[in-house]
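Notes to accompany the following structure.
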There are 2 protein chains.
Amino acid sequence: MQPTKPSIDNPASDKNQTLVEQILVQIQESIIKGELRPGSKINEQALAEKYGISRGPTREALQQLERQRLVVRIPHVGARVATLTIEELNDLYELRSTLEAMACELAAKRISEQQLNQLWALLEKQEADLARGDSYFQQEGDVDFHYQIIRASGNRHLQETLIGGLYHLLRMYRYQCTSSSRPVRAIAEHRRIVEAIAAGDAELAGLLMRRHIEQGRQNTQQRLQQLTAPAASAVS
Amino acid sequence: MQPTKPSIDNPASDKNQTLVEQILVQIQESIIKGELRPGSKINEQALAEKYGISRGPTREALQQLERQRLVVRIPHVGARVATLTIEELNDLYELRSTLEAMACELAAKRISEQQLNQLWALLEKQEADLARGDSYFQQEGDVDFHYQIIRASGNRHLQETLIGGLYHLLRMYRYQCTSSSRPVRAIAEHRRIVEAIAAGDAELAGLLMRRHIEQGRQNTQQRLQQLTAPAASAVS
DNA sequence: GATTTGAGGATTGTCTACAATGCTGCTCAC
DNA sequence: GTGAGCAGCATTGTAGACAATCCTCAAATC
């Protein structure tokens, strides 16, 4: 029985862990969900008091968040929540597209029997969720889908780069530019990707993933544009 | 006049900077050059005393080094210098190859007049150094070469991933598996890459970079194999 | 009125001390 | 002799206080 990894990273669920790891996930969620607004300043002291800890662990957590691109820190000035811009969105998706295509190609070559079964199971669950119209779990499921493929690539540096470095920022864009999803099409694309991986067709799998992510980019960009420049429609 | 960036990152040269930034580069060099041996344990207290500072900044520096893959930290256990293994070398170069090929393609599309001139200038300097047999500057020059192309890609996330995340570890492999270089061939390859970029031929530029890096991988792997398994030749 | 300059306050950087955890090497039972 | 269990020590995690830097805002000068 596989341990059904529900979250992006699995810090053994808060228990008996270090303070930094405990509050890190909480601050992550706050940022991703926009409770800490993009671009807003983060006060170490205030943040520490909010979680009832001292500034030491808080600073370490902020450094971790900087590594995940969720926070920008400037020496002697302080930390700010990352801002969402069209240019960065494009840079981010450009990179993500390349990396996940690579992950797909590698997965097609290297995926294990067990991992493939897991992937099929997840896909079927997604399709079932879709039929029930359960959109929240779809979003989570989509994260898991990409996550599993990345793991199946077997390249630990690739995994670290995507999951440890890029994925949280991606979640932030997706959450805040709440693309209530194009689920039917997306999950159809998922199926074709899994089929290509199962067939060991690396080139096709990579190509399909590239297109799949490009679809996601366009979708997110559209929403972000509506958010950042609502003046045009509001003025007239 | 461009400021001739000599180092991987330019922290305004130690002056008036934060302690962390000052010692970070020093520890980096110690690790890359092997003064801190791969796999050896790092004692926070001892390291702090060595540089005459307290444990706070030392811990922050170690976290930065973890981000750069030069150090592995385990909660409540401590930090170790990264170990060099064949598998990781392959993972690392696999990823690097994809990312730098991407950088090359983007550079071919987006490089500015000024950046291209800089690149030509660097190439000519490399060829001149080669003629003089100046191998140390060749190595540095090679780093700069890739660095400039990465910058020319214009994708800030790509830059951050490669330069902030991967490049120091790459330097470590290259330094310690001291490939005294295949300079003639490498620089010939450099020239063809620049020509492709100048011609705006993204596909060719990416392809050439892929092959160029694959050459580097084989070279480094060979040296590493000799280092990790010298028993065979020593026993008999 | 606009610009500069400096004092005051707020925030970040660093240090020291203490608490919590993991590791080492001994004793003791089998 | 070998393995388990415990005590002591070394090391990391956390807290709180002090030092250094930056930002704000008002007063003074042009």
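Residue numbers begin at 1 in each chain, while the letters A, B, ... track the order of the sequences.
For the segment residues 47-54 of chain A, residues with any heavy atom less than 4.0 angstrom from an atom of DNA chain D are, sorted by number, A:I53, A:S54.
With DNA chain D read from its 5' end, the first of the two nearest nucleotides for A:P75 and A:G56 is the one closest to A:G56.
A straight line from CZ of B:R59 to P of D:dT12 spans 8 Å, rounded to a whole angstrom. Distance CD (A:E60) to C1' (D:dA15): 13 Å, rounded to an integer number of Å. Between the NE2 atom of B:H76 and the P atom of C:dA19 there is a distance of 16 Å, given to the nearest Å. Rounded to a whole Å, the CD atom of A:Q17 is 10 Å from the P atom of C:dG22. Remark: P of D:dG13 and CG of A:L24 are 15 Å apart, rounded to the nearest angstrom. Rounded to whole Å, atom P of D:dT12 lies 9 Å from atom CG of B:L62. Separating the CD atom of A:Q64 from the C1' atom of D:dG13 is a distance of 14 Å, rounded to the nearest angstrom. Atom-to-atom, CZ of B:R73 to P of C:dG22 comes out at 15 Å; the value is rounded to the nearest Å.
B:E44 contributes atom CD, which lies 6.0 Å from atom CG of B:L62 (distance to the nearest 0.5 angstrom). A distance of 10.0 Å separates CG of B:L166 from CD of A:E160, quoted to the nearest 0.5 Å. Taking CD of A:Q68 as the reference point, atom CG of A:L170 lies at 12.0 Å (rounded to 0.5 Å). Remark: B:R223 CZ to B:L84 CG distance equals 15.0 Å, nearest 0.5 Å. To the nearest 0.5 Å, the span separating CG on A:L70 from CD1 on A:I27 amounts to 10.5 Å. Atom NZ of A:K109 and atom CD1 of A:I111 lie 14.0 Å apart (nearest 0.5 Å).
In terms of phosphate contacts, A:R55 brings no side-chain nitrogen or oxygen within less than 4.0 Å of OP1 or OP2 of D:dG16. A:T18 has a side-chain polar atom (N or O) that falls below the 4.0 Å cut-off from OP1 or OP2 of D:dT14.
Under a cut-off of 6.0 angstrom, the local environment of CZ in A:R73 is crowded, with over 12 non-hydrogen atoms contributed by other residues, nucleotides or ligands.
Side chain to side chain, A:R69 and A:H168 fail the donor-acceptor criterion of an N or O pair below 3.5 Å.
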Letter by letter from the 5' end, nucleotides 6-11 of chain D scores (B base, S sugar-phosphate only, - none; protein heavy atoms under 4.0 Å) -----S
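The backbone N or O of A:Q45 lies less than 3.5 Å from no partner atom in the side chain of A:R55, so there is not a single donor-acceptor pair.
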